[in-house]
Amino acid sequence: KNQFAHFMSPEVIEEIADDPDRYLTPGGDLRPLSVMFCDVRKFSTITEKMTPQETILFINEFLTPLTEVVLRNSGTIDKYMGDCIMAFWNAPLTDEEHATNACRAALASLELVGEFSRRVPELIGVRDKGLAIDIRIGIATGSCVVGNIGSDVRQNYTLMGDTVNLGSRLEGACKVYGIRVLIDEETRIRAGGAVGVREIDKLVVKGKDEPVTIYQPLPQADRSGAVSEQELSDYAAALEAYRSADWDAAEAAFSHLSS
């Protein structure tokens with residue numbers, strides 16, 4: 001219970017406690033996981049005028065609700081790296097809907113960030129009422145080694161594999177595309193029709209021979225930021241013009257969508 005208390009929901013911890021040898025024995029399993037990286041956009045710029053105490057308060061207040069979203073959606077917190085959250089799904093307990101739950105956690109996080117951004121000036125006492133907080137999220141799905149990994153002195157329940165690297169790179173690619181969440185092809189396939197998406201591009205990732213098709217997960221129709229069927233159709237036509245090197249048509253179509 002002590003090892004997992006801050007990384008999983010109480011219900012999951014109780015189930016693990018009933019069979020501790022299965023989860024606490026050194027070593028790992030190879031299984032499909034969905035991995036999420038979530039980072040604050042322009043973190044250095046936002047915190048450069050804060051005191052160390054204000055920065056810590058900001059981070060704690062930021063990480064708390066996002067952590068709760070991950071746990072509510074059956075995820076496991078792997079670690080915090082400054083302003084970054086690394087989380088994964090389908091371990092230690094099996095989650096057949098791990099890709100769907102990861103996407104739902106990401107979309108819910110976007111809504112929370114809007115609420116948090118409005119609270120920041122009062123929270124840390126800054127005068128800049130226009131301070132905008134936003135995040136970038138990358139999600140990748142694939143085989144990973146997960147388990148208790150480390151030395152004889154200290155071990156962590158964590159994961160390793162190319163999927164982890166891809167998730168991190170997708171988070172970074174959000175900056176290039178001006179998009180808040182990007183997922184890979186395997187995540188889209190496993191999520192199926194439970195999560196609406198639109199294709200963004202084919203991305204050449206270091207260490208992979210074939211380009212990775214990347215997608216933007218979309219909010220449900222009744223949520224903020226939802227995209228209509230007509231907009232999706234127009235976007236698909238614009239992307240096809242771009243892929244066909246019909247630059248004038250692509251530019252006109254994308255300009256119309258962004259207006």
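Nothing here was measured: the structure is a model prediction, and the numbers come from that model. This chain uses plain numbering: 1 for the first residue, then up along the sequence.
- We find the CD1-CD1 distance between Ile139 and Ile214 to be 13.0 Å, quoted to the nearest 0.5 Å.
- At a threshold of 4.5 Å between side-chain heavy atoms, the hydrophobic network of Ile, Leu, Val, Met, Phe, Trp and Tyr places Val204 and Val212 in two separate groups.
- Heavy atoms of other residues, nucleotides or ligands lying less than 6.0 angstrom from CD of Glu251 number 12 at most.
- Counting heavy atoms from C-beta outward, Asp78 and Val164 have side chains that stay 4.5 Å or more apart.
- Side-chain atoms of Thr76 come within 3.5 Å of backbone atoms of Ala91 as a donor-acceptor pair (strictly under, hydrogens ignored).
- Nearest heavy atom pair, residue Thr187 against residue Ala99, reads O-CB, 3.7 Å.
- When side chains are defined from C-beta on, Asp234 counts as touching Gln230, because their heavy atoms get closer than 4.5 Å.
- Under the 3.5 Å distance criterion, the side-chain polar atoms of Asn73 are left unmatched by any main-chain donor or acceptor of Arg104.
- The OH atom of Tyr80 sits 6.0 Å away from atom CD1 of Ile85, with the distance rounded to the nearest 0.5 Å.
- Distance check, rounded to the nearest 0.5 Å: OG1 of Thr64 to CG of Leu112 gives 11.5 Å.
- A heavy-atom distance below 4.5 Å is not found between the side chains of Glu186 and Pro32.
- Each of Ile189 and Leu170 belongs to its own hydrophobic cluster when Ile, Leu, Val, Met, Phe, Trp and Tyr are linked at side-chain heavy-atom distances under 4.5 angstrom.
- Of the candidates Glu185, Glu199, Arg198, Glu185 is the only one forming a side-chain hydrogen bond (donor to acceptor under 3.5 Å, both in side chains) with Tyr215.
- Phe37 and Val145 fall into different hydrophobic clusters, defined by Ile, Leu, Val, Met, Phe, Trp and Tyr side-chain heavy atoms under 4.5 Å apart, directly or through other members.
- Shown here for Val181 and Ala106, the closest heavy-atom pair between the two residues is CG1-CB, 4.1 Å.
- Leu71 approaches Ile77 most closely through the heavy-atom pair CD2-CG1, 4.3 Å.
- Considering only heavy atoms from C-beta on, Ile135 comes within 4.5 Å of Phe62 through its side chain.
- Looking at heavy atoms from C-beta onward, Ile183 lies in side-chain contact with Arg188 at the 4.5 angstrom threshold.
- Nearest heavy-atom pair, Ala105 versus Val69, reported as atom, atom and distance to 0.1 Å: O-CG1, 3.3 Å.
- Evaluation of the side chain to side chain donor-acceptor pair (under 3.5 Å) test over residues 161-179, restricted to residues two or more places apart or in two chains, returns Arg136-Glu171, Tyr177-Asp201.
- For Ala238 against Ala250, the heavy-atom pair with the smallest separation is O-CB, 4.0 Å.
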When you look at Arg243 and Lys202, which way does the side chain to side chain contact (heavy atoms under 4.5 Å, CB included) test go after all the steps? CA-CA 10 Å; Arg243 293 265 166 80; Lys202 294 184 183 297; 4.0 Å; yes
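- Between the CG atom in Asp95 and the CG atom in Asn101 there is a gap of 4.5 Å [rounded to 0.5 Å].
- Residue Tyr235 places its OH atom among more than 12 non-hydrogen atoms of other residues, nucleotides or ligands, all under 6.0 Å distant.
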* Yes or no on side chain to side chain contact (heavy atoms under 4.5 Å, CB included) for Met86 and Leu159, after CA distance, side-chain angles and deciding distance? -> CA-CA 11 Å; Met86 177 180 169; Leu159 67 162; 3.6 Å; yes
Go through the steps for Leu33 and His98 under the test side chain to side chain contact (heavy atoms under 4.5 Å, CB included), then give the verdict. CA-CA 7 Å; Leu33 300 178; His98 53 91; 5.8 Å; no
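- For the atom pair OG1 of Thr94 and CZ of Arg31, the computed distance is 5.0 Å after rounding to the nearest 0.5 Å.
- The shortest heavy-atom contact between Leu203 and Ala173 is CD2-CB, 4.0 Å.
- Atom OG of Ser244 is separated from atom CG of Leu239 by 9.5 Å, given to the nearest 0.5 angstrom.
- Cluster membership check: Ile200 shares its hydrophobic cluster with Leu257, using side-chain heavy-atom separations under 4.5 Å among Ile, Leu, Val, Met, Phe, Trp and Tyr.
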